[in-house]
Amino acid sequence: MAAIRTAKAHWEGSLLEGAGKVNLESSKLGSFDVTWAARSNDKAEGITSPEELIAAAHSTCFSMALSHALAGAGNAPESIDTTADVTFVPGEGITGIKLSVNGKVPGLTADEFAQFAEEAKKNCPVSQALTGTTITLDVTFTA
């Protein structure tokens with residue numbers, strides 16, 4: 001059975017002077033302010049952007065896919081920490097996503113972990129939804 005998750009956005013005003021809110025409708029976890037300034041400026045605090053929400057989704061999905069693949073191969077991870085950096089350039093759009101992962105997986109070598117990470121990058125549903133974007137991967141491993 002398919003799972004449907006819903007977020008709802010409300011915007012008022014023009015792109016540059018306006019503002020909005022995005023609500024996490026399915027989970028009811030919160031409402032977040034959004035503005036063009038937050039989207040186009042690295043220093044915006046307390047206000048989110050579509051790119052930050054994509055980064056949250058991608059880092060979580062990738063971690064889950066990697067954990068699943070590792071456990072399925074008999075190497076359940078102790079921990080996986082993933083950061084997703086989504087680059088947005090005004091006038092161009094999203095120009096890339098960099099995933100950085102550190103894993104602690106007993107019984108694996110760093111090279112084996114890197115292979116699992118590459119597969120997870122290709123196979124996580126969010127990566128697949130973002131196929132029009134260049135996605136890079138930086139892997140570190142804790143033995």
Side-chain angles (χ1 to χ4, degrees), residues 1-12 15-16 18-143:
M1 180 174 236
I4 298 172
R5 301 291 179 253
T6 304
K8 182 178 177 182
H10 175 78
W11 188 267
E12 293 181 2
L15 174 63
L16 299 179
K21 282 196 177 293
V22 61
N23 296 305
L24 303 181
E25 295 290 312
S26 300
S27 65
K28 305 291 186 215
L29 286 175
S31 176
F32 304 93
D33 292 331
V34 292
T35 65
W36 173 255
R39 190 171 195 186
S40 60
N41 180 347
D42 273 345
K43 306 294 184 234
E45 290 186 24
I47 302 173
T48 193
S49 69
E51 290 72 28
E52 184 177 33
L53 298 170
I54 290 169
H58 204 177
S59 62
T60 303
C61 183
F62 172 83
S63 294
M64 293 170 79
L66 180 53
S67 175
H68 180 65
L70 289 164
N75 297 97
E78 281 187 25
S79 64
I80 295 172
D81 295 295
T82 305
T83 301
D85 295 315
V86 176
T87 302
F88 174 79
V89 177
E92 292 182 45
I94 294 173
T95 59
I97 300 171
K98 178 184 176 188
L99 296 172
S100 299
V101 63
N102 180 284
K104 186 172 184 182
V105 187
L108 279 189
T109 67
D111 287 342
E112 290 169 328
F113 180 73
Q115 289 173 344
F116 277 99
E118 281 293 337
E119 286 301 310
K121 181 185 87 159
K122 286 184 237 168
N123 296 321
C124 107
V126 172
S127 289
Q128 291 177 349
L130 299 170
T131 56
T133 303
T134 301
I135 301 170
T136 59
L137 178 64
D138 180 41
V139 178
T140 56
F141 184 72
T142 305

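Note: hydrogens, waters and symmetry copies are ignored here, and every other heavy atom, side chains too, is used. Here, residue 1 is the first one in the sequence, and each next residue gets the next number.
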With no hydrogens and no angle check, is any side-chain donor or acceptor of [X] less than 3.5 Å from a backbone partner on [Y]?
{"X": "E119", "Y": "F116", "answer": "no"}
{"X": "S63", "Y": "I80", "answer": "no"}
{"X": "T60", "Y": "A57", "answer": "no"}
{"X": "K121", "Y": "F62", "answer": "no"}

Nearest heavy atoms of [X] and [Y], plus distance in Å:
{"X": "S26", "Y": "I4", "value": "OG-O, 4.0 Å"}
{"X": "V139", "Y": "A114", "value": "CG1-CA, 4.1 Å"}
{"X": "A76", "Y": "P106", "value": "O-CD, 4.1 Å"}

For a 4.5 angstrom cut-off between non-hydrogen side-chain atoms, does [X] reach [Y]?
{"X": "V101", "Y": "D81", "answer": "no"}
{"X": "D111", "Y": "F141", "answer": "no"}
{"X": "N102", "Y": "T142", "answer": "yes"}
{"X": "E51", "Y": "I94", "answer": "yes"}
{"X": "C124", "Y": "M64", "answer": "no"}
{"X": "L99", "Y": "D138", "answer": "no"}
{"X": "H58", "Y": "S127", "answer": "yes"}
{"X": "F88", "Y": "R39", "answer": "yes"}

(message) Listing request: all side-chain hydrogen bond (donor to acceptor under 3.5 Å, both in side chains) pairs with a residue in residues 84-100, at least two apart in sequence or in separate chains.
(response)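 Those involving residues 84-100 do not exist here.
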To the nearest 0.5 Å, atom CG of N23 lies from atom CG of L29 at 11.5 Å
- Candidate pair I47 and F32, rule side-chain contact (heavy atoms from CB on, under 4.5 Å), full reasoning: CA-CA 7 Å; I47 302 173; F32 304 93; over 6 Å; no
